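This report refers to the structure that appears directly beneath it.
Note that the numbering runs from 1 along the sequence shown for the chain. Keep in mind it's a predicted model, so treat the numbers as computed, not measured.
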Amino acid sequence: MKRLSVLLISLFWLNLSFAQNPDNIAQKVDALLKQMTLEEKVGQMTQVTMALITKGGWANQDGAVDPDALKKAVMDYKVGSILNTTAHALSPETWRLVQSQIQDQCKNTRLKIPVIYGLDGIHGQTYTLNATLFPQNIAMAATRNPELAQKAAKVTAMELRASGVRWNFAPVLDCGRQPLWSRFPETFGEDVYIGKTMGSAVVKAYQEDGLKNPTAVACCMKHYLAYSASRTGKDRTPSYIPEIELREFYLPQFRAAIKAGAATIMVNSGDINGTPVHASKYLLTDVLRKELGFEGVIVTDWEDVIRLHTRHLVANTPRQAVVMAINAGIDMSMVPGDYSFFDLLKEAVQKGEVPMSRIDDAVRRILTLKMKLGLFDNPYPEKEAAANFGKPEYQTLALDAAHEAMTLLKNTDNVLPLTKNKKVLVAGPAAQSISALNGCWSYTWQGNNESVYPADSKSILQAITDKIGASNVVVAGAKGFDSPDNFDTDKLKAAAANADVIVLCLGENAYAESPGNTRELALPDNQIALAEAAIATGKPVVLVLSEGRPRFITSIEPQLKGIVMAYWSGRKAAEALADVLFGDYNPDGRLPFSYPRSMGEMVLYDRKHTEDVREIFNENMTWDGYNPLFPFGYGLSYTNFSYGAIQLSSNTLNGNGKLTVTITVNNEGTRDGKHTVELYTHQQYASITPSTERLRAFKKIFLKAGESQTVTFTLDKNDLAFVNAELKTVTEPGDFDVMIGDKKASFAYMQ
């Protein structure tokens, strides 16, 4: 009896010590892990979708939880995580109720381990009704404004947390170098530097308040590694990439995000050079864990463990698929539609196919994440978090972001900005479509159900009407992207007779993942026919492109007077576009990708020198291999910016020293405006053929009309590094060019 009393007293003081030292998480986790059964551990590694716990399952519309189904998940299978919604976004109140019901059930378990819930808040809190939707990543990259991206991420975190959710499956860090890929709009574009700069800024924004704070969430880098590089451009299909290219273009974003503190990571659903990434111990353990030092949770994507057996055909049984994935380094399986993973992993451990040490390692990471998020202290939605949902200033921020994303690609004869007393014909499938302004992950997975968008969401037509009045607007078309009226060329021609200018809104309706697969980047024939009909009227045509990836407009571009790339820019896209069209905002977006001219020449800006060569015979050699319709970094303004000469602090950069680069930027026009100054470098000779140029730094500035500003950059050897033939990141001595706008200077690097 005395011994029992001593034990109880010891446990009391141990628990008190833990309570008084919340940072002592490792000891807490180890103490809990020692108490857990195999079933409890395997349950923590199991993640299921919401449909398994709701009334009606996959058909559920209201988020109502089925108590028996929830009990099965939590009590019988001891699941550690739940994700997703069912049909569409739910109200904040419903989400908080769902989270509370789940955690109530967790309190009935032996160890009372809370569930961690995850959602895809890709460009705002996707799955909460009336949440603020910001521009997609591709559009945020066009802003060249990491601070804006950070602010948007913080709002996303707060609206997730207000919904009771503490784990966000974002940001996407895949490098968008294959524009056919249906998830291209979720990337930050084709450049590594923009990707790692914007990505790490977003990671910090999600988490820097502290994971226990009701303004923060655990983020999830995705999709490790090179998911975006599919050879065919189809989602979840193979990539064939030399490791030197993997390390040069696809790994740096993850390296930077890990340094920024990213808590979790999601894995590429495809395979690289024949090995599914979910089964690659080299990539998941040797590179991610040992080389990059990632210590957080590795979670699969949707069904990707079983697909090692059913699709990749590298595992001859479902159990072997589980064994391969877990032994490669997976911590949590997004199963998600059944409990097969639980049974198979339990059996695999019992048969000695997966060591208990690997299970303990995975569960330790999962429990650590839950403790860092404060779920063990209070697993319920915090009352103070609820007040952070839907604040008016979020809409102002969404408008700011959409403004800065808008990219002016053509402005012949200064057709833009339009005067507000002109008769404007607004036409095209995107003119009266809300979903075509927001894109994927917008209140539903595909983003194309406009019935669940906020009631005050505006179309381009509505925003233009608000801007210039209904008496100045002529309409051709109807609501809904796919309405046949939107492609009626006869009606467009008739309407044009009453207009001074045509604003033609083309592009893509919302799509996500595999449903967005396409066999070509050409705009559909009915859109091209509509554009040709508009041009044939003889009225000036301003093309607005609402799209997630570049669609070919080469055949119609010469006859267009103006082109604005609107991307999928979120809740305030229409208002921002109207401001740009009518001169209430001076556009400053810059393309984050090379807008291709033809399918036969998909050359990226950071090309090799030989890609510039077009050699028929030696005497006919040309240097126009990089010939996109609009180049990477392109974007016009309503004012004129010019550059002075580049000034270098020295003609040499030595060893670990610094080189200061300064340039004066002048606003020579009559309008105030923002402008991004981009610094590129080129190594003249190297052991690996150097790129013709690489973006190394950028700064966004604001200049009033007639104003000048000196911009300073600091370079060191790391800014000049590349991956060599031995797969090492090195900086080699040699001569370098630095380019800003139309200016150029040279220096030498010496070790």
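Lys699 places no side-chain N or O within donor-acceptor distance of the main-chain N or O of Val711, the cut-off being under 3.5 Å. Here the side chain of Asn438 pairs a donor or acceptor atom with the backbone of Arg571 at under 3.5 angstrom. At distances below 3.5 Å, not a single donor-acceptor pair connects side-chain atoms of Asp719 with backbone N or O atoms of Arg696. Using modelled atom types, no side-chain atom of Asn517 and backbone atom of Lys234 make a donor-acceptor pair closer than 3.5 Å. The backbone N or O of Leu133 sits nowhere less than 3.5 Å from a side-chain atom of Tyr394 that would complete a donor-acceptor pair. Judged by distance alone, with hydrogens and angles left aside, the side-chain atoms of Arg590 form no donor-acceptor pair with the main-chain N or O of Ala142 at under 3.5 Å. When atom types are taken as modelled, the side chain of Thr197 and the backbone of Tyr193 share a donor-acceptor pair closer than 3.5 angstrom. Of the possible donor and acceptor atoms, one in the side chain of Gln446 sits under 3.5 Å from a partner among the backbone N and O of Ala512. A donor-acceptor distance shorter than 3.5 angstrom exists from the side chain of Thr731 to the backbone of Lys717, with no hydrogens or angles considered. When atom types are taken as modelled, the side chain of Glu404 and the backbone of Arg144 share no donor-acceptor pair closer than 3.5 angstrom.
Residues in residues 247-271 take part in these salt bridge (Lys or Arg N to Asp or Glu O under 4.0 Å) pairs, two or more places apart or across chains: Glu243-Arg247, Arg247-Glu291, Glu248-Arg694, Arg255-Glu291.
Side-chain atoms of Asn84 and Pro336, non-hydrogen and from C-beta on, never get closer than 4.5 Å to each other. Residues Pro592 and Ile138 are in side-chain contact: their nearest non-hydrogen atoms beyond the backbone lie under 4.5 Å apart. Taking the side chain as every heavy atom from C-beta outward, Ile460 and Ser546 approach each other to under 4.5 Å. Between Phe134 and Val155, some side-chain heavy-atom pair lies under the 4.5 Å cut-off. When side chains are defined from C-beta on, Asn137 does not count as touching Pro185, because their heavy atoms never get closer than 4.5 Å. Counting heavy atoms from C-beta on, the side chains of Leu530 and Pro429 come closer than 4.5 Å. Between Gln125 and Leu119, some side-chain heavy-atom pair lies under the 4.5 Å cut-off.
Residues Ile434 and Ser459 share a closest heavy-atom pair of CD1-N, 3.4 Å. In terms of heavy-atom proximity, Ser514 sits nearest to Arg236 at OG-CD, 4.5 Å. Nearest approach of Phe169 to Asp120, heavy atoms of both residues: CB-OD2, 3.4 Å. Across all non-hydrogen atoms, the minimal contact from Thr518 to Arg551 is OG1-NH2, 4.3 Å. Between Val165 and Val217 the shortest heavy-atom distance is O-CG1, 3.8 Å. When every heavy atom of Gly124 is checked against every heavy atom of Thr156, the shortest pair comes out as CA-OG1, 3.3 Å.
Cys219 contributes atom SG, which lies 11.5 Å from atom CG of Leu160 (distance to the nearest 0.5 angstrom). Between the CD1 atom of Ile330 and the CG atom of Leu308 there is a distance of 8.5 Å, given to the nearest 0.5 Å. A distance of 10.5 Å separates CD1 in Ile298 from CG in Leu283, rounded to the nearest 0.5 Å. From Cys175, atom SG reaches atom CD of Gln178 across 12.0 Å, with rounding to the nearest 0.5 Å. Here the straight-line distance linking atom CD of Gln47 with atom OG1 of Thr300 works out to 7.0 Å at 0.5 Å rounding. The CD1 atom of Ile553 sits 9.0 Å away from atom CG of Leu506, with the distance rounded to the nearest 0.5 Å.
Ring geometry, Tyr605 versus Phe632: the interplanar angle falls under 30°, so the pair is classed parallel (tilted spans 30 to 60°). By the 30° and 60° cut-offs, the orientation of the rings of His675 relative to Phe641 is parallel.
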The test is side-chain hydrogen bond (donor to acceptor under 3.5 Å, both in side chains); show your working for Tyr567 and Thr407 and say whether it passes. CA-CA 9 Å; Tyr567 311 93; Thr407 305; 2.8 Å; yes
Could you go through Leu545 and Ile563, starting from their C-alpha distance and side-chain angles, then the distance that decides it, and tell me whether this counts as side chain to side chain contact (heavy atoms under 4.5 Å, CB included)? CA-CA 8 Å; Leu545 289 167; Ile563 303 175; 4.1 Å; yes
Run the side chain to side chain contact (heavy atoms under 4.5 Å, CB included) check on Ile194 and Phe698 step by step: do they pass? CA-CA 9 Å; Ile194 291 177; Phe698 60 83; 3.9 Å; yes
If you apply the rule side chain to side chain contact (heavy atoms under 4.5 Å, CB included), what do you find for Glu601 with Arg614, and how did you get there? CA-CA 11 Å; Glu601 290 197 327; Arg614 285 296 175 265; 2.7 Å; yes
Begin from the C-alpha positions of Glu557 and Arg597 and carry the test salt bridge (charged side-chain N to carboxylate O under 4.0 Å, His left out) through to its verdict. CA-CA 10 Å; Glu557 180 273 331; Arg597 185 180 297 272; 5.5 Å; no
Yes or no on side chain to side chain contact (heavy atoms under 4.5 Å, CB included) for Ile122 and Gln136, after CA distance, side-chain angles and deciding distance? CA-CA 8 Å; Ile122 302 297; Gln136 299 278 351; 4.1 Å; yes
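Ser230 and Thr237 share a donor-acceptor pair across their side chains, judged by distance under 3.5 Å alone. In the model, Ser442 has a side-chain atom that pairs as donor or acceptor with a side-chain atom of His123 under 3.5 Å. Side-chain atoms of Trp302 and Glu513 form no donor-acceptor pair, as typed in the model, at a separation below 3.5 Å. Side-chain atoms of Thr187 and Asp174 form no donor-acceptor pair, as typed in the model, at a separation below 3.5 Å. For the residue pair His88 and Asn449, no side-chain donor N or O sits within less than 3.5 Å of a side-chain acceptor on the partner. A donor-acceptor contact closer than 3.5 angstrom is absent between the side chains of Ser435 and Asn448. No donor-acceptor contact under 3.5 angstrom links the side chains of Asp235 and Ser182, judged on distance only.
Remark: Arg289 engages Asp331 in a salt bridge, criterion side-chain N to carboxylate O under 4.0 Å. For Lys572 and Glu575, the salt-bridge test passes: some basic side-chain N is under 4.0 Å from an acidic carboxylate O. In this structure, Glu186 does not pair ionically with Lys222, as no charged nitrogen and carboxylate oxygen lie closer than 4.0 Å. Under 4.0 Å is where a charged nitrogen must lie from a carboxylate oxygen, and between Glu303 and Arg307 at least one such pair does.
Among Phe249, Phe294, Tyr224, the single residue meeting the ring-ring contact (aromatic ring centres under 6.0 Å, His included) criterion with Phe254 is Tyr224. Partner Lys700 forms a side-chain hydrogen bond (donor to acceptor under 3.5 Å, both in side chains) with one of Thr143, Asp588, Asn145, Thr676 and no other, that one being Asp588.
In summary, the aromatic rings of Phe593 and Phe184 are positioned with their centroids under 6.0 Å apart.
When the side-chain contact (heavy atoms from CB on, under 4.5 Å) test is applied to Lys151, the partners found at least two apart in sequence or on another chain are Glu147, Leu397. Contacts of Tyr626 classified as ring pair (Phe, Tyr, Trp, His ring centres under 6.0 Å), with partners at least two apart in sequence or in another chain: none.
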